[in-house]
Amino acid sequence: MAQRVLVVEDEKDLATVVAYNLRAEGLDVIVAENGEAALREATSRRLDLVVLDLNLPDISGLEVCRRLKANAATRDLPILIASARGEEVDRVVGLELGADDYVVKPFSVRELVLRVRAILRRAEGGPPTADVVEFGCLKIDRAAHRVFVHDQEVQLTALELRLLTTLQERKNRTQSRDTLLIDVWQLNTPIESRTVDTHVKRLREKLGPAASYIRTVRGIGYRFAESPDEPME
Ligand code: CA
């Protein structure tokens, strides 16, 4: 099931751009244009994160944050606050109220997406950890850091192994190049997304007949497919 993000933003153009980019990350996005609508959405359906503008036409974002944290049903819902520069007091209050992170407008959408990703990952509590996983001819022994294709060991670099296991842990979910640069390369600021392509190419070459488990998702990134027989995109 896709993770669901509520974007609370009364500036329609900004809300559209943010929603578009979060959807491109495979997230399910709902937009609320004011505080009351946000509270209604948050209490009426399962959400994984709220992106909350502070300057709303009805009740303030801080009040929305306060109410979400006061309600047992929404207390644990992560909140990323977005607000205009210069509202330092709001920033402090927001974090005191229990918001998880804060971006200052005008923010780059890319930065926002990365922060959303980071919060969702923390909230997920990390991937499941079976020691050995098998998909057809591909076997990954995570404990021993070894990979086999048709029982023949494939020699991967540490980075290639991390790339493969990261994709496998998130199987069937598309990972953007930026996400991979942060999680596999452990870069704070993703640069050179071609790097990902180069390494995926090399990894596929080494995997040979198992290469098709790693699918290209055009314009976004890569996805580990459980079945290698799915048609190519
Ligand atoms: Ca606003």
Side-chain angles (χ1 to χ4, degrees), residues 1-125 170 172-176 178-179 182-183 190 217 219-221:
M1 200 180 341
Q3 290 174 301
R4 187 179 289 151
V5 178
L6 173 64
V7 174
V8 187
E9 177 58 71
D10 58 310
E11 290 167 54
K12 285 204 172 86
D13 290 348
L14 181 57
T16 303
V17 170
V18 168
Y20 175 85
N21 283 276
L22 292 177
R23 284 183 186 123
E25 289 285 306
L27 299 168
D28 188 3
V29 181
I30 299 159
V31 175
E33 293 181 2
N34 58 58
E36 291 292 353
L39 289 168
R40 220 165 32 240
E41 293 289 358
T43 47
S44 65
R45 54 172 125 202
R46 179 191 63 79
L47 294 173
D48 296 293
L49 175 72
V50 180
V51 178
L52 181 61
D53 176 31
L54 288 190
N55 186 11
L56 295 168
D58 54 352
I59 50 178
S60 83
L62 286 179
E63 182 57 24
V64 173
C65 186
R66 191 175 287 122
R67 290 195 207 172
L68 289 175
K69 291 297 170 187
N71 181 340
T74 52
R75 182 176 300 147
D76 296 328
L77 184 55
I79 297 173
L80 170 60
I81 286 178
S83 192
R85 201 173 292 279
E87 292 175 309
E88 185 64 24
V89 174
D90 284 354
R91 187 186 104 85
V92 171
V93 173
L95 295 175
E96 275 174 8
L97 286 174
D100 291 76
D101 202 355
Y102 194 99
V103 284
V104 175
K105 289 181 178 178
F107 50 78
S108 82
V109 174
R110 199 179 192 202
E111 183 193 356
L112 181 82
V113 167
L114 293 177
R115 293 199 188 205
V116 164
R117 275 279 169 223
I119 294 173
L120 289 175
R121 257 197 314 278
R122 283 204 298 275
E124 258 184 352
R170 303 168 187 177
N172 301 325
R173 282 153 50 196
T174 300
Q175 303 299 308
S176 70
D178 282 354
T179 299
I182 289 173
D183 293 352
V217 181
I220 302 177

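These values consider heavy atoms only, across backbone and side chains, with no hydrogens, waters or symmetry-generated copies.
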Can you tell whether the side chains of Glu36 and Arg40 come within less than 4.0 Å, N to carboxylate O? no

Ion pair check, Lys69 and Asp76, cut-off under 4.0 Å: no

Side chains of residues 3-11: which donor-acceptor partners sit under 3.5 Å, not counting sequence neighbours?
| unit_1 | atom_1 | unit_2 | atom_2 | d |
| --- | --- | --- | --- | --- |
| Arg4 | NE | Asp28 | OD2 | 3.1 |
| Arg4 | NH1 | Arg46 | O | 3.0 |
| Glu9 | OE1 | Lys105 | NZ | 3.0 |
| Glu9 | OE2 | Glu11 | N | 3.0 |
| Glu11 | OE2 | Lys105 | NZ | 3.3 |

Verify side chain to side chain contact (heavy atoms under 4.5 Å, CB included) between Asn55 and Ser60, making sure each step is shown before the conclusion. CA-CA 6 Å; Asn55 186 11; Ser60 83; over 6 Å; no

Could you go through Glu25 and Leu120, starting from their C-alpha distance and side-chain angles, then the distance that decides it, and tell me whether this counts as side chain to side chain contact (heavy atoms under 4.5 Å, CB included)? CA-CA 12 Å; Glu25 289 285 306; Leu120 289 175; over 6 Å; no

Nearest 0.5 Å please: distance from the [atom1] atom of [X] over to the [atom2] atom of [Y].
{"X": "Leu97", "Y": "Leu52", "atom1": "CG", "atom2": "CG", "answer": "10.0 Å"}
{"X": "Leu80", "Y": "Ile119", "atom1": "CG", "atom2": "CD1", "answer": "4.5 Å"}
{"X": "Asn34", "Y": "Ile59", "atom1": "CG", "atom2": "CD1", "answer": "8.0 Å"}
{"X": "Asn21", "Y": "Ser108", "atom1": "CG", "atom2": "OG", "answer": "9.5 Å"}
{"X": "Arg173", "Y": "Thr179", "atom1": "CZ", "atom2": "OG1", "answer": "10.5 Å"}
{"X": "Leu39", "Y": "Ser44", "atom1": "CG", "atom2": "OG", "answer": "10.5 Å"}

Is there side-chain contact between [X] and [Y], with heavy atoms separated by less than 4.5 Å?
{"X": "Val50", "Y": "Glu41", "result": "no"}
{"X": "Val116", "Y": "Leu49", "result": "yes"}
{"X": "Ile81", "Y": "Ile79", "result": "yes"}

In sequence, state the C-alpha distance, the side-chain angles, and the governing distance for Arg117 and Asp183, and then conclude on salt bridge (charged side-chain N to carboxylate O under 4.0 Å, His left out). CA-CA 10 Å; Arg117 275 279 169 223; Asp183 293 352; over 6 Å; no

In sequence, state the C-alpha distance, the side-chain angles, and the governing distance for Leu112 and Val51, and then conclude on side chain to side chain contact (heavy atoms under 4.5 Å, CB included). CA-CA 9 Å; Leu112 181 82; Val51 178; 4.1 Å; yes

Do you know which two heavy atoms are closest between Gly26 and Ala2, and how far apart they sit? O-CB, 3.6 Å

What one should report as the nearest heavy-atom pair of Ala19 and Val31 is CB-CG2, 4.0 Å

Using salt bridge (charged side-chain N to carboxylate O under 4.0 Å, His left out) as the criterion, list what pairs up with Arg110, not counting sequence neighbours. Asp178

Can Val64 and Leu54 be said to form a side chain to side chain contact (heavy atoms under 4.5 Å, CB included), step by step? CA-CA 9 Å; Val64 173; Leu54 288 190; over 6 Å; no

Can you list everything that forms a side chain to side chain contact (heavy atoms under 4.5 Å, CB included) with Thr43? Sequence neighbours excluded, please. Asn71, Thr74

Check whether any side-chain N or O of Asp58 sits under 3.5 Å from a backbone N or O of Gly35 as a donor-acceptor pair, and report yes or no. yes

